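Just so it is clear, the values below take in all heavy atoms, side chains as well, and ignore hydrogens, waters and symmetry mates. Computed from a predicted structure; not experimentally measured.
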Amino acid sequence: MQAWQVHENGEPSEVMRLQDVERPTPGDGQVLLRVRAANINFPDVLMVRGHYQVRPPLPFTPGVEICGETEDGRRVIANPALPYGGFAEYAVADAAALLPAPESLDDAEAAALHVGYQTGWFGLHRRAHLEAGETLLVHAAAGGVGSAAVQLGKAAGARVIGVVGGAEKAAVARELGCDVVIDRRAQDVVGAVKEATGGRGADVIYDPVGGDAYTQSTKVVAFEGRIVVVGFASGTIPSPALNHALVKNYAILGLHWGLYNTKNPKLVRHCHEQLTDLAGRGAIRPLVSERVPLDGAAAAVQRVGDGVTTGRVAVVPKNGATA
């Protein structure tokens, strides 16, 4: 089979190589899956660079999120068991963690429903307890993680403010349903949020960016607001001033979704049921901006790493179903 291999860490376009390799052999409790579509996540970029908290042994195949097909023909969503990731014709996954792919979504959309939407659901509902009528601020609202949070916020009845970088991404955020869109390249984020909320600020802030975005969040969070820390796409990890959180009476909530797979796997399945229902009703639908063939994966991973994509980019091998 063909699979992308990383033999040394570095930029995806430089170190990812498409090679002919043997099909992986499932271990105990694992299954072999034919990859129908693999979604590109920012952790894939970090893993290739060697900057992620998980460091699979070299060589490895990146790709942490797929829609695959079992040997008996079931269409499933899975997180491949590294080093046999999803940017390949076949991958390996833990049988106990397989989730049914919603019939309402095609392969690329189903692959994109998992990590970003689970993170959004846990962040907004489990951690921040977002309520209908509250104001939700989403940083990087046109990206893969942010677009999921926007849709989930709207589905929950929140008023959503999306912060993006550039006019193209602003247009995407509007199409996603943001009530207010702020272009950080052309506007003062803090001033624009205060104006949009009458000075009150945002009840819940969803931050996959870190750096300056987190600093802005602390200036516009409302009384009893909640800042959900999801990641650090900016590359800068902020150091919270806890005295500021005390004085302004807001909460800083960390979210590592992957922990729920071991700490509370039943809640992961419950979340998937909720997401499947929302997708079936048309309340959410993953924004897949590109579908690329397997031989285009390295360039696509690089584009995600460079921050020039919107929504999700899916890799669709030739042996997978096309959208």
Side-chain angles (χ1 to χ4, degrees), residues 112-113 115-164 169-184 187 189-209 213-214 216-231 245 248-255 257 267 270-287 310-312:
L113 184 72
V115 176
Y117 280 84
Q118 286 258 347
T119 300
W121 188 90
F122 274 89
L124 299 181
H125 296 294
R126 182 75 177 182
R127 302 293 282 136
H129 301 289
L130 178 69
E131 297 181 3
E134 288 192 313
T135 296
L136 167 66
L137 171 65
V138 179
H139 289 286
V145 174
S147 61
V150 168
Q151 291 184 356
L152 289 167
K154 292 297 294 182
R159 181 185 185 223
V160 180
I161 300 174
V163 178
V164 299
K169 293 184 178 182
V172 171
R174 292 188 188 95
E175 292 175 5
L176 285 166
C178 286
D179 299 285
V180 178
V181 177
I182 300 170
D183 182 353
R184 59 179 171 78
Q187 297 171 266
V189 174
V190 173
V193 173
K194 289 183 176 180
E195 180 180 355
T197 60
R200 183 176 178 278
D203 299 292
V204 175
I205 300 178
Y206 193 78
D207 181 15
V209 179
Y214 178 82
Q216 293 163 353
S217 298
T218 63
K219 295 179 180 179
V220 298
V221 63
F223 172 75
E224 291 194 328
R226 293 85 79 196
I227 300 175
V228 185
V229 179
V230 184
K248 287 194 67 176
N249 207 50
Y250 63 84
I252 304 166
L253 306 171
L255 174 62
W257 169 75
L267 196 55
H270 170 71
C271 173
H272 184 65
E273 291 171 359
Q274 300 297 308
L275 295 176
T276 298
D277 178 66
L278 288 169
R281 292 192 279 115
I284 61 173
R285 191 175 198 94
L287 172 62
T310 57
R312 289 299 191 188

*Go through the structure and list residues passing side chain to side chain donor-acceptor pair (under 3.5 Å) with Arg200, not counting sequence neighbours.*
Asp203

*asked:* If the condition is side chain to side chain donor-acceptor pair (under 3.5 Å), which residues does Glu134 pass it with, not counting sequence neighbours?
replied: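 Expected list: Arg226.
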
*Can you establish whether the number of heavy atoms outside Lys154 located under 6.0 Å from its atom NZ is more than 12?*
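Yes, the 6.0 Å shell around NZ holds more than 12 heavy atoms from other groups.
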
_If the condition is ring-ring contact (aromatic ring centres under 6.0 Å, His included), which residues does Tyr214 pass it with, not counting sequence neighbours?_
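Not a single residue meets the ring-ring contact (aromatic ring centres under 6.0 Å, His included) criterion with Tyr214.
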
*Any residue meeting ring-ring contact (aromatic ring centres under 6.0 Å, His included) with His129, in chain and number order, not counting sequence neighbours*: none

*Give every residue pair that meets the side chain to side chain donor-acceptor pair (under 3.5 Å) criterion with at least one member in residues 140-150, sequence neighbours excluded.*
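Passing the test, one end in residues 140-150: no pairs.
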
Taking the side chain as every heavy atom from C-beta outward, state whether [X] and [Y] have any atom pair closer than 4.5 Å.
X	Y	value
Leu152	Ile284	yes
Val138	Ile161	no
Thr119	Val230	yes
His125	Gln274	no
Val145	Tyr206	yes
His272	Tyr117	no
Val189	Lys219	no

Nearest non-hydrogen partners of [X] and [Y], listed with the distance:
X	Y	answer
Ala140	Val209	CB-CG2, 3.8 Å
Ala213	Asp207	CB-OD1, 3.9 Å
Gly153	Leu124	N-CD1, 4.0 Å
Leu136	Ala158	CB-CB, 4.3 Å
Ala142	Leu176	CA-CD1, 4.4 Å
Ala141	Gly162	CB-CA, 3.6 Å

side-chain contact (heavy atoms from CB on, under 4.5 Å) partners for [X], two or more places apart:
X	value
Glu175	none
Asp277	Arg281
Arg127	Leu253, Leu255, Tyr260
Ala171	none

*For Arg285, check salt bridge (charged side-chain N to carboxylate O under 4.0 Å, His left out) against everything at least two apart and list the hits.*
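Arg285 satisfies salt bridge (charged side-chain N to carboxylate O under 4.0 Å, His left out) with Glu109 once adjacent residues are dropped.
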
*asked:* Taking the ring centre of each residue, are His270 and Trp121 less than 6.0 Å apart?
replied: yes

*Full working for side-chain contact (heavy atoms from CB on, under 4.5 Å) between Leu137 and Val220*: CA-CA 9 Å; Leu137 171 65; Val220 298; 3.9 Å; yes

*Taking it one step at a time, do Leu275 and Gln118 satisfy side-chain contact (heavy atoms from CB on, under 4.5 Å)?*
CA-CA 8 Å; Leu275 295 176; Gln118 286 258 347; 4.1 Å; yes

*Presence of salt bridge, Lys169 and Asp183, under 4.0 angstrom*: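 Salt bridge flag = no for Lys169 with Asp183.
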
*Taking Lys248 for the side chain and Thr218 for the main chain, is one N or O donor matched with an acceptor at less than 3.5 Å?*
yes

_Run the side-chain contact (heavy atoms from CB on, under 4.5 Å) test on Arg312 and Leu287 for me, step by step, so that the C-alpha distance in whole Å, both residues' side-chain angles and the decisive distance to 0.1 Å come before the verdict._
CA-CA 6 Å; Arg312 289 299 191 188; Leu287 172 62; over 6 Å; no

*To the nearest 0.5 angstrom, please state how far the SG atom of Cys178 sits from the CD atom of Gln151.*
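The distance works out to 10.0 Å.
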
*Check the pair Ile252, Val229 against side-chain contact (heavy atoms from CB on, under 4.5 Å), reporting the backbone distance first and the verdict last.*
CA-CA 7 Å; Ile252 304 166; Val229 179; 4.0 Å; yes

